[in-house]
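First the proteins, then the strands, lettered A, B, ... as listed; each starts at 1.
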Protein chains: 2
Amino acid sequence: MSVTLKDIAKKVGKSVTTVSRALHDYDDVSPETKELVHRAAEDMGYTPNIIAQRLQKQRTDTIGFILPTFGPRFSDPFFSEFLAGIGNKAAKLGYDLLVSTHPPGEEELKTYRRKVQSYLVDGFIIVRTRRKDTRIEYLCQAGFPFVAFGRTEEACDFPYVDEDSEYGMRLLAHHLADLGHQRIAFLAAPEELMFAHFRLKGFEEGLADKGIQLDEKMVVFGDLTQRDGFRQATSLLDLPDPPTAIAACNDLMALGAISAAQKRGLIVGKDIAITGFDNIPLAEHSHPPLTTIHQPIYQIGDMVCEMLIKRINKEPLRSQSVLQKPTLVIRESCGEKYINPN
Amino acid sequence: MSVTLKDIAKKVGKSVTTVSRALHDYDDVSPETKELVHRAAEDMGYTPNIIAQRLQKQRTDTIGFILPTFGPRFSDPFFSEFLAGIGNKAAKLGYDLLVSTHPPGEEELKTYRRKVQSYLVDGFIIVRTRRKDTRIEYLCQAGFPFVAFGRTEEACDFPYVDEDSEYGMRLLAHHLADLGHQRIAFLAAPEELMFAHFRLKGFEEGLADKGIQLDEKMVVFGDLTQRDGFRQATSLLDLPDPPTAIAACNDLMALGAISAAQKRGLIVGKDIAITGFDNIPLAEHSHPPLTTIHQPIYQIGDMVCEMLIKRINKEPLRSQSVLQKPTLVIRESCGEKYINPN
DNA sequence: ATTGACTCCCAAAACGTTTTGGAATAGAAT
DNA sequence: ATTCTATTCCAAAACGTTTTGGGAGTCAAT
């Protein structure tokens, strides 16, 4: 089928060993032979069989990434951007990327285990960490290289990159409080997600800083989709004493909340303030443009990937973990100072 | 390091051959031996080394997908959904998915070639086909299995799934014309993309059906992002005689156009009609909700993946190519009948 | 006794590469 | 003549699996 080292060896009348070594530029091969071999390889259109190389070298130069998909209509812009970040970096460093899609749950761990045990990947990138994360538990205990985007409450320590969601949410809480809002709602996400936990916590603290206590009736939980943002925001607006500001746990839900408010005839940025978190590209172009917290997803993907590859190669990491300070992006969805109409 | 067939063989006192055959349930192994081997394998925590299997079997059970990324801030919800479609199907059929990210261009082809020649994947999924598509040319000529989402103008024939963009756009054109619009603009995409070509063509034809000629000053080109949709729509609205309807080549640009119109103080669905194409999840929740053409991206991914795997296994395809008839989703971005205010 | 059929097993080759541990030759130094 | 050093090469083992092509033993029919 395809041309192998053996074919080249036969053609140039040397051994397979010599051909291999010539191609790898070992210095126990004479310049003439090297020249000869290279030319033959070129002529015959040789490309190494990577599978064979991998078997021999006992490494795959591949990193694994398991996309947590939820149902068919899955499409968090977050992931395509993150994927682009790790994909481009991996390619640059000569690594392939093996992607699987898998809903979180029982089966998920098996997928990890299989890839680890049968040597399909050299390391993993973990995303959407959970407070108690069995994936991380497993990989830690197996001593398998991985880097996470996000922290966890597990005991083991491991390299990660994370954004300081707590800090970011505090920024937003302060912003809303400074605008004069008092009845503030929070559109939260499932608490088992580590980042959702931090965001809720940060928001509570931020309000507390300003002497406001987050009313627990004002906290509703959504599944991070726009659709659910719409639904949950609607239920908030249906309260007898509805909020004048809604902070959502992510941009997608905030966009849903904006639709919900507008459906009620409210003018977002005047009658009600709404904030997001992530600064996805859409946030800039929503109507009104969304005030949110910026998170450099592409760069984080890039960084996580680089850390993982260093770890695979046992190179020292500059730092075991990175906690980024996010920034507040003020657009128009909160408007000016809020004047209580009463 | 890890337990191999040899280890098991040693433990049970049989040959490696027998162990292998026992595990594969060959019937020239006695039931007792099978039992013995299976138990030992279980006990010792054996998992086959897939790399070795691949080398031996000369196939990888992996399919390749190269994501055409454009710059860092890349995030077409389209791709995450499509990826989920192929990923889930691949997993179900026991295939892995090797994903690369690569900007279209010179280098791109090398990435394909490398993966083909070094046996990294058994087949490819091609997406965003171009009128003249070197990837398809190459794979055709190399006789390598692939399935495309989209058609091309290349001579070779190959299996694909595509949506009838021409038909879909005609639907939209008719809809706008029926609403009474006369000055209609088209927010097109680079014509080298096959689907962009079809969409423009279909739109022109659709208007022609209604006796309207598409004015070439009313056709502007964008890069499919929301940001560019905003920019290009703004330039349309700046014309001395601006359009009363804008049809965008995809939803993302339509969303940008909505923002542009709203920034002008226009009420979308009353002062101006705007349409999209794709029906991404966001379209349902934009403000106003977007009238668009539905494209079942997840299912298409699923189908493409299944076709590819059949092709790899040389099973017959039910049909070499599938052309889906899309459907019109009428929401609120075109409003009711348009009354010319003059 | 020989043949045939059947059951259970295995040594060796193969997949394509890299690495190990020399071997062979030539020239220079002793 | 012998030893040493350099230079250039290669056979064989190794990575872990599957497949090929039998071998050995048993039992029954001839």
Side-chain angles (χ1 to χ4, degrees), chain A residues 1-38 40-41 44-62 94 96 114-122, chain B residues 1-38 40-41 44-62 94 96 114-122:
Chain A
M1 187 74 187
S2 179
V3 25
T4 71
L5 285 186
K6 216 197 310 197
D7 299 328
I8 301 182
K10 204 169 296 172
K11 170 124 173 229
V12 302
K14 302 280 174 186
S15 76
V16 169
T17 309
T18 302
V19 172
S20 170
R21 296 179 81 83
L23 290 174
H24 286 275
D25 213 29
Y26 277 60
D27 54 10
D28 64 354
V29 180
S30 74
E32 300 80 44
T33 309
K34 273 185 194 166
E35 173 63 18
L36 186 67
V37 169
H38 273 105
M44 306 171 70
Y46 171 76
T47 31
N49 181 317
I50 297 198
I51 303 286
Q53 286 181 328
R54 287 181 179 174
L55 178 59
Q56 153 70 27
K57 294 218 195 135
Q58 297 289 81
R59 55 179 294 163
T60 64
D61 292 329
T62 301
D96 285 318
R114 170 169 169 271
K115 300 219 187 305
V116 169
Q117 296 188 334
S118 47
Y119 297 107
L120 272 173
V121 300
D122 290 341
Chain B
M1 186 73 185
S2 180
V3 24
T4 71
L5 285 186
K6 210 180 349 181
D7 300 329
I8 301 183
K10 204 169 294 171
K11 171 125 173 227
V12 301
K14 302 280 174 187
S15 75
V16 169
T17 309
T18 302
V19 172
S20 170
R21 297 179 80 83
L23 290 174
H24 287 274
D25 212 28
Y26 277 60
D27 53 10
D28 64 352
V29 180
S30 75
E32 300 79 45
T33 309
K34 272 184 194 166
E35 173 62 19
L36 186 67
V37 168
H38 274 106
M44 305 171 71
Y46 171 76
T47 31
N49 180 318
I50 296 199
I51 303 286
Q53 287 181 328
R54 287 180 179 176
L55 178 59
Q56 153 69 29
K57 293 217 196 136
Q58 295 289 83
R59 55 179 295 165
T60 63
D61 292 329
T62 301
D96 284 319
R114 169 168 169 270
K115 300 219 188 306
V116 169
Q117 296 189 333
S118 46
Y119 298 107
L120 272 173
V121 300
D122 291 340

* To do: State which residues pass side chain to side chain donor-acceptor pair (under 3.5 Å) with A:K115; sequence neighbours excluded, sorted by chain then number.
  => A:S100, B:D96
* State whether B:S15 places a side-chain N or O below 4.0 Å from either non-bridging phosphate oxygen (OP1 or OP2) of C:dA11. => no
Check the interface with nucleotides 24-28 of chain C: list each N/O to N/O pair with the protein under 3.5 Å, or write none.
none

* Structure fact -> Hits for side-chain contact (heavy atoms from CB on, under 4.5 Å) against A:V116, two or more places apart or cross-chain, chain-then-number order -> A:F124, A:Y138, A:L139, A:F144
* For B:T47, what residues pass the side-chain contact (heavy atoms from CB on, under 4.5 Å) criterion, not counting sequence neighbours? -> A:Q117
* Asked: Who pairs with A:K34 by side chain to side chain donor-acceptor pair (under 3.5 Å), at least two apart in sequence or on another chain?
  -> A:D25
* Minimum heavy-atom distance B:Y119-A:N49, with the two atoms named -> CD1-ND2, 3.5 Å
* Of all residues at least two apart in sequence or in a different chain, which pass the side-chain contact (heavy atoms from CB on, under 4.5 Å) check with B:T33? -> B:K14, B:T18, B:V29, B:S30, B:V37
* Looking at residues at least two apart in the chain, or sitting in another chain, which of them share a side chain to side chain donor-acceptor pair (under 3.5 Å) with B:T17? -> none
* What residues, two or more places apart in sequence or in another chain, satisfy side chain to side chain donor-acceptor pair (under 3.5 Å) together with B:R59? -> B:D61, B:Y95, B:N313
Atom pairs, protein N/O to nucleotides 6-8 of chain D N/O, distance under 3.5 Å:
none

* To do: Whole angstrom is fine here: how far is it from CZ in B:R54 over to C1' in D:dT19?
  => 20 Å
* Asked: If we fit an axis to the first five pairs and another to the last five of the helix from C:dA1-D:dT30 to C:dT30-D:dA1, what angle do they make, to the nearest 10°?
  -> 90°
* Shortest non-hydrogen separation from B:L5 to B:S20 and the atoms involved -> CD1-CB, 3.8 Å
* Structure fact -> Going 5' to 3' through nucleotides 13-18 of chain C and flagging B where a protein heavy-atom sits under 4.0 Å of the base, S where only the sugar-phosphate is that close, and - otherwise, we get -BBBBB
* Asked: Does the side chain to side chain contact (heavy atoms under 4.5 Å, CB included) test come out yes or no for A:Y46 and A:L23, once each step is laid out?
  -> CA-CA 11 Å; A:Y46 171 76; A:L23 290 174; 3.8 Å; yes
* A:D28: salt bridge (Lys or Arg N to Asp or Glu O under 4.0 Å) partners, not counting sequence neighbours -> A:R21
* Decide yes or no on side chain to side chain contact (heavy atoms under 4.5 Å, CB included) for B:T62 and B:L120, but give the supporting numbers first. => CA-CA 7 Å; B:T62 301; B:L120 272 173; over 6 Å; no
* Show the numbers, then the answer: is there a side chain to side chain contact (heavy atoms under 4.5 Å, CB included) between B:K6 and B:V19? => CA-CA 8 Å; B:K6 210 180 349 181; B:V19 172; over 6 Å; no
